[in-house]
Amino acid sequence: MAIDSSSLFGSLFEAPAVTRVVPVLVPLPVPVAYSYAVPEGVHVEPGSLVQVPIGPRQVIGVVWEGDNDEKLDPKKLRPITLVFDCPPLSKEMRDFIDWVASYTLSPPGLVARMAIRAPAALDPEAMVEGLRYIGGQPERMTPARTRVLDLAKTQDHPWTRSGLAHAANVSSSVVDGLTAQGVFETIFLPPPPVVARPDPDFTPPRLEGPQKQAAQDIVSAVHKGGFSAALIDGVTGSGKTEVYFEAIAESLRQGRQVLILLPEIALTPAFLERFEARFGAKPAEWHSDLAPRMREKVWRGVVTGEVRVVAGARSALFLPFEQLGLIVVDEEHDPAYKQEDRVFYNARDMAVVRGRIGDFPVVLVSATPSVESQVNGLAGRYNTVHLPTRFGEAALPDLHLVDMRRHPPERGGFLSPVLLRGIKRTIEKGEQALLFLNRRGYAPLTLCRVCGHRFQCPQCSSWLVEHRFRSQIQCHQCGYAERTPEACPDCGTLDHLVACGPGVERIAEEVEKHFPQARTIVMSSDMLGGVKRMRLELEAIAKGDVDIVIGTQLVAKGHNFPLMTLVGIVDADLGLSNGDPRAAERTFQLLSQVTGRAGRTGLKSLGLIQTFQPQHPVMQAIVSGDAPAFYEREIEERQKAILPPFGRLASLIVSADTRAEAETHARGLRAAAPSVTGISVLGPAEAPLALVRGRHRFRLLVHGRRNCDMQGFLKAMIAQGPKAKSSVQIQLDVDPQSFL
DNA sequence: AGCACGCCGACT
DNA sequence: GTCGGCGTGCTC
C-alpha cells in the first residue's frame, strides 16, 4: 500500500501523533539500523520495503526488528515516506541477511541492498493493452481488413496490436483503423509471465549406471526435505547436470522454487537450452548485464512465486524467493563465486548458509571441487556423491607430460617438437587441436635491448603486456593502455624492443609459421569484435571450420567442440609460483577443465602438457588421474598454514585475495582492537614473503573466503590486549565449519 | 554510498 | 577577487 505523502504531516495545530518507531535498514555503510517514525494509520511489519529520507534524498530500506536507539528523541524522528506494495522480506531472508552481515563484518544495510536491487520492480507492473473483437464490420472493406477480421473471428482471444498486425501480415495502422471503426475494443491484460512454468515431467530422464544412484541419493534428500548439503563430484562429461536436474524436478513437484547458481561465464544459451529440453521451459536468468526491465520482471516474479526456477550468477543468491526449496551451485570451485567488493562473500558458502536457515537442501557440483568442499565432504558435513566415469561414448583423453628440459622448443619458440608433431597428426586427420595458454596478448614483458628498460605501468607498476593485434601495450592489473612505442622511452633507440615470454598471440605466430595452411584462431577475452563475434567464432569452431584454436581460459569453460581431439597445454607451470596459497589447487582445476574439452564425442583424443616440473604434484595428479591423492596433499598443506598457537600479539599481517579486501578487514580490526599496534596490510602474494622474513609474529590469512572466525578472533584480541601471552585460534578457510 | 562543508591553487 | 581540487564527516 502506497501512502500519500501529504497525509504525513497532519494539520497545522495538531502535532502528528507518533504511534510507533521502527528500525529500518538503509543502504549505507553504517553498522546499525536507523530509526523512523511510522505515520498513523500506516501498517509496516518486519521485512516491509519502505522509502525513507536520508538527508536530502530518498532511499529504499527494509523494516527490521530489534531495539531502537533510545538516545534518539522519537518526536524528532523523520517519518517513513512510503510503504511499497510488495510482500515483506521473510523471516528467513532477514535472518540470512543478518547472518551474512555478521559473518562478513559488513554493514547489514549493504547486504540488504543486494536483496532489493531492482527498485523500479517495486511499482506495480503496467498492464498490457490488448484488443478484443466485438463484432461488426467497418464501413469500407479492403483485402488487408478482411485478413485481420478473418483471423480475429477464428481465434477469439485478446490480441495485442502488433501481434494481430503481424499475424495477419498487415501494418499496424490497419488494426488501428479497425479499432477506430469500433470493430475492436481496447482492454487491459495482466502482463505476460516472464518465463513459462517448467514441467518436472516434460522429458523423462535417461540416466545410466552411477548416474542413477547419484540421482536417487540427492532426489531422496530433496524428497525428505529439510537442510542437507551434497557435493556432486564427477569428471567432465559424467552427466552431473542430468543428475542435479532430477533434484530440481523433485523440488518443482513439491511446489517449491529452485535457484541454480552458475559462474557468469557459464550462463550460456547452451545451458538454458539444455534446461528447456528437460523441463519444457527456460529458467529465468539473473546476471549483471540483464536489461533493467527484465531485471524488474524477474525480481517481481521471484517474490510473487510466479518464477519457479532462476539460473543466475552469484548475486542471484540474494533474491527474495517466496518459497525457495533448493539451491544448486554448479562449478562450485569457480573463483567467480567470490565477490570482491563492498560486501566480500563467497556465494557457494553463503548458499549453504541460506539452505540451513531456510531448512532446504543445497547441492554443490564440480568436476574439480574446491579444497574447502572436499574437507567438508570428508568431515561428513557434506554428503559426497561420486560420478567417476564419463557418460555414453565419451572417453577421457590420453594425457602425457612433455618434459620441456628433455624436449626443448627451437630457439625463440615455445612449442616442443612433441607438441608440434601432435598438432600435425591431428590436423592431417581433419580433427582439431586446442593450444591453451592462460596469458593474453603477445608477450608479458617488453624490454629495450640497448639499455634494459622495462615497460612498466605508471599507475600500478606491474609489467605492461604487448598486444600486437591492437598495437598496444596494456596493464592487465588496472587497464592502463598506450600505443606500442617504436623507440625506447629511456634511451631513444629505435627498433630495439624485445618481447620476453609468450602470450596467445605469440603462440599463434609460431603456429602459423609451422602450419601456414591451417585455419588458426586466437580466442581471448580481449578479442576484437566483442561477445557477438566470440559467439560466432565458437560456433564456427564447433562446426569444424577451424583447425587450430589458441586460447586463454575462456575456451576452458562450457563449450563443446566435437572434433577437438588434441589439447596442448603450452605452459602448465604458469600460475604455480605466484605466491597464491591456492596456486596448486587452481592450476589443477584449470588443467583438468582444459583437458576435459577433448574427446567428448568418443573420438580417441590426446592431451600434451608442457612442463618444466614433471614431478610437481599437480602434474602427477593430472596424468595419473589420482585426484584423491592430490586433494589429500593439498588439505595437509593448507592445514600446515594454520599456525600453531603463538606467543605475543606483537604485530599482525592482514592479507586477503585482494588488497582492497585486506584493507576492509584491517579497518575492522583497527576499530575493534585499537590497542593492537603494527597492523600491516599486504596483498595476497606478499604475506608469505613477509612471514618468511620474520617481520611479523603471526598473521591472519583470509585468502579467498571469509570462513575464518573473524568475530571470535576480534573478541580474543580485545580480551587479551596488546602484550598478553595469547593463544588465539585462527581458523583458515580450509575448515569452514563455522557456518554449520 | 552520496553529499555536504572546508580549506588552498590557477583563472574569467 | 572567484572556481574548483578532493580531504573529513554525517545521514535516523
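Worth saying up front: this structure is predicted, and the values here are computed from it rather than measured. Every chain is numbered from 1 and lettered A, B, ... according to where its sequence line falls, protein lines coming before strand lines.
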- Query: How would you label the contact of Pro53(A) with the nucleic acid (heavy atoms, under 4.0 Å): base, sugar-phosphate, or nothing?
  - Reply: sugar-phosphate
- Message: Once you apply a heavy-atom cut-off of 4.0 Å, does Pro29(A) come out as touching a base, just sugar-phosphate, or nothing?
- Response: base
- What closest approach, in Å, do Leu28(A) and Tyr34(A) show between heavy atoms, and which atom pair accounts for it? CD1-CE1, 3.9 Å
- Query: Is there a donor-acceptor pair closer than 3.5 Å between any side-chain N or O of Arg454(A) and the backbone N or O of Thr446(A)?
  - Reply: no
Integer-rounded Å distance: [N] [atom2] and [X] [atom1]:
X: Ile54(A); N: dA4(B); atom1: CD1; atom2: P; value: 15 Å
X: Gln58(A); N: dA1(B); atom1: CD; atom2: C1'; value: 16 Å
X: Gln51(A); N: dC12(C); atom1: CD; atom2: P; value: 14 Å
X: Ile60(A); N: dG2(B); atom1: CD1; atom2: C1'; value: 16 Å
X: Leu28(A); N: dC10(C); atom1: CG; atom2: P; value: 14 Å
X: Tyr34(A); N: dC10(C); atom1: OH; atom2: P; value: 10 Å
X: Arg113(A); N: dT11(C); atom1: CZ; atom2: C1'; value: 15 Å
X: Leu25(A); N: dT11(C); atom1: CG; atom2: P; value: 18 Å

- Task: Indicate yes or no: does Glu264(A) engage Arg314(A) in a salt bridge with an N to O separation below 4.0 Å.
- Result: no
- Message: Other residues, nucleotides and ligands only: do more than 12 of their heavy atoms fall within 6.0 Å of CG on Asp67(A)?
- Response: no
- Note on the structure: Taking dA1(B), dC12(C), dC3(B) as options, the one with an atom nearest any side-chain atom of Pro56(A) is dC3(B)
